[in-house]
Amino acid sequence: MLNPIHLRTLQECVRTGSFAVAARSLGYTPSAISQQIGVLERTVGAPLFERAAHSVRPTSIALALANRCGEALDALQEVETEIRAMVSGDAGTLRLACFSTANTTVVPTALAAIAAQRPRAEVHLEEGEPDEVLELVTEGNVDCAVVFGYDLAPRSWPVTLRHKELLAEPLAVALPGAEPEVRELAELKDRPWICTKKGTGAARSLDRLAADAGFTPQVRFRSNDYRVIHQLVARGLGVALMPRLAVREDGVRISRITGVSSYRRVSVLYRPNNTNPLLTVALDCLAQACLPWRDQERSA
């Protein structure tokens, strides 16, 4: 197979008409140039230059080879440039999966930061609940997955994955906007509740907190979409327990319950042997995107 380095040398020798000048141009010694051309001649099976005492003249085969290999060498250089960009993280593909409430809050900020830092990178986003995106990251279909878990409904992540907490969201009660704040969960024991589906971490957390307050919540509406829950609360159809990322201020009043310090914890999972250089960029941008939410809780 023809050596690309030798072909570059051939091109320069043909262009300059001199081994010595080509050597200076390429940073080799004349002896090294002569050796490379000799190897190339043996590979081709024919002389490439007519050698005289003080000059060399390319043969017709050398001229044809130098002309034909130009496009191939340019294409090879382009491939090398692309690969170097991928290795450095300046280009390449990042695949991210996340749950819906983070996709409408912190993830757009993170994706914008990735695009600003790595404008040549291609980013793909999948959406799903923790169990759905967990399978994606475990099987290598995404580079990282943003997930959540509740303190009162603890879950563990596979030991084969790395786990990094991004944010701890306090749980608070959402009331219709015209209503006054409440401080004790027991004040809401006779109210209709709006909650996620049975068996979810949020539903189990509500059951635990309500039991501690001495009542069983009367759940009238269930949805795993917090946008739906928010709208139902805003229209006076009930009250809800919501994590911070799910809260919208319009039409809803948020009450922090005295003595309740339970959280939904947002984390990112990734495979420890993932060598995608864009993964480090993504982890940093996700952490930075969560900082304003952390600051809000510290000042609350």
Side-chain angles (χ1 to χ4, degrees), residues 98-109 129-130 146-155 165-267 286 289-300:
C98 188
F99 60 97
S100 61
T101 49
N103 274 344
T104 60
T105 50
V106 297
V107 169
T109 301
E129 292 297 301
V146 180
V147 296
F148 63 80
Y150 288 82
D151 287 352
L152 294 178
R155 63 174 303 167
E165 185 172 299
L166 298 172
L167 180 67
E169 307 171 75
L171 301 183
V173 172
L175 306 165
E179 295 190 13
E181 291 188 31
V182 298
R183 292 299 179 189
E184 302 291 337
L185 201 62
E187 298 177 45
L188 302 171
K189 63 180 181 180
D190 296 324
R191 298 289 298 274
W193 282 83
I194 305 163
C195 189
T196 55
K197 295 179 181 180
K198 290 182 178 180
T200 60
R204 291 163 61 192
S205 296
L206 174 60
D207 289 341
R208 288 277 304 275
L209 290 172
D212 291 342
F215 71 97
T216 300
Q218 304 172 31
V219 178
R220 299 280 181 83
F221 306 98
R222 293 188 183 273
S223 173
N224 280 358
D225 188 337
Y226 275 111
R227 292 169 297 186
V228 174
I229 293 176
H230 177 276
Q231 291 299 319
L232 294 176
V233 172
R235 283 161 175 73
L237 296 173
V239 298
L241 189 69
M242 299 179 71
R244 184 67 186 88
L245 288 183
V247 172
R248 303 291 181 273
E249 301 298 339
D250 52 311
V252 169
R253 179 184 295 277
I254 299 300
S255 287
R256 298 285 287 270
I257 304 301
T258 303
V260 173
S261 58
S262 184
Y263 295 85
R264 182 176 78 166
R265 300 187 183 274
V266 179
S267 304
L286 285 168
C290 288
L291 285 180
W293 297 87
R294 292 182 179 179
D295 293 340
Q296 286 181 25
E297 295 310 322
R298 283 195 289 264
S299 61

Close side-chain approach of [X] to [Y], heavy-atom, < 4.5 Å:
{"X": "Val266", "Y": "Cys290", "value": "no"}
{"X": "Ser100", "Y": "Tyr226", "value": "no"}
{"X": "Leu245", "Y": "Leu167", "value": "yes"}
{"X": "Phe99", "Y": "Val147", "value": "no"}
{"X": "Leu185", "Y": "Val173", "value": "yes"}
{"X": "Ser262", "Y": "Tyr150", "value": "no"}
{"X": "Ser267", "Y": "Val146", "value": "no"}
{"X": "Arg244", "Y": "Trp293", "value": "yes"}

### Task
For Glu179 and Arg191, run salt bridge (Lys or Arg N to Asp or Glu O under 4.0 Å): C-alpha distance rounded to whole Å, both residues' side-chain angles, the deciding distance at 0.1 Å, then the answer.
CA-CA 13 Å; Glu179 295 190 13; Arg191 298 289 298 274; 2.8 Å; yes
### Query
Can you list the steps and then say if Arg220 with Leu237 is a side chain to side chain contact (heavy atoms under 4.5 Å, CB included)?
CA-CA 9 Å; Arg220 299 280 181 83; Leu237 296 173; over 6 Å; no
Non-hydrogen atoms of [X] and [Y] that approach each other most closely:
{"X": "Asp151", "Y": "Arg265", "result": "OD1-NE, 2.8 Å"}
{"X": "Pro108", "Y": "Ala102", "result": "CD-O, 4.0 Å"}
{"X": "Thr101", "Y": "Thr104", "result": "O-OG1, 3.0 Å"}
{"X": "Arg204", "Y": "Ala153", "result": "CZ-CB, 3.8 Å"}
{"X": "Val219", "Y": "Cys195", "result": "CG1-CB, 4.1 Å"}
{"X": "Ala203", "Y": "Lys197", "result": "CB-O, 3.4 Å"}

Looking at [atom1] of [X] and [atom2] of [Y], how far apart are the two atoms once the value is rounded to the nearest 0.5 Å?
{"X": "Lys189", "Y": "Glu184", "atom1": "NZ", "atom2": "CD", "result": "12.0 Å"}
{"X": "Leu206", "Y": "Ile194", "atom1": "CG", "atom2": "CD1", "result": "11.5 Å"}
{"X": "Leu291", "Y": "Thr109", "atom1": "CG", "atom2": "OG1", "result": "11.0 Å"}
{"X": "Glu129", "Y": "Phe148", "atom1": "CD", "atom2": "CZ", "result": "4.5 Å"}
{"X": "Leu286", "Y": "Leu166", "atom1": "CG", "atom2": "CG", "result": "6.0 Å"}
{"X": "Asp212", "Y": "Leu152", "atom1": "CG", "atom2": "CG", "result": "7.5 Å"}

### Heavy atoms of other groups near Arg227 CZ, more than 12 under 6.0 Å
no
### Query
If you count the non-hydrogen atoms of other residues, nucleotides and ligands that lie under 6.0 Å from CZ in Arg208, is the total more than 12?
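Incorrect, the count does not exceed 12.
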### Query
How far apart are the C-alpha atoms of Thr196 and Ile229, what are their side-chain angles, what is the distance that settles it, and do they pass the side chain to side chain contact (heavy atoms under 4.5 Å, CB included) test?
CA-CA 8 Å; Thr196 55; Ile229 293 176; 4.1 Å; yes
### Task
State whether the side chain of Ser255 and the backbone N or O of Val182 hold a donor-acceptor pair below 3.5 Å, judged by distance alone.
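Answer holds: yes.
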#### Entry: Test log, rule side chain to side chain contact (heavy atoms under 4.5 Å, CB included), inputs Val228 and Phe221
CA-CA 10 Å; Val228 174; Phe221 306 98; over 6 Å; no
### Message
Does either side chain, that of Arg222 or that of Thr200, offer a donor lying less than 3.5 Å from an acceptor on the other one?
### Response
no
### Task
State, without any angle test, whether Gln231 and Arg235 hold a side-chain donor-acceptor pair at a distance under 3.5 Å.
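Yes, because at least one side-chain N or O of Gln231 sits under 3.5 Å from a partner of the opposite role on Arg235.
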### Task
Evaluate side chain to side chain contact (heavy atoms under 4.5 Å, CB included) for Leu171 paired with Tyr263, printing each intermediate quantity in order.
CA-CA 6 Å; Leu171 301 183; Tyr263 295 85; 5.9 Å; no
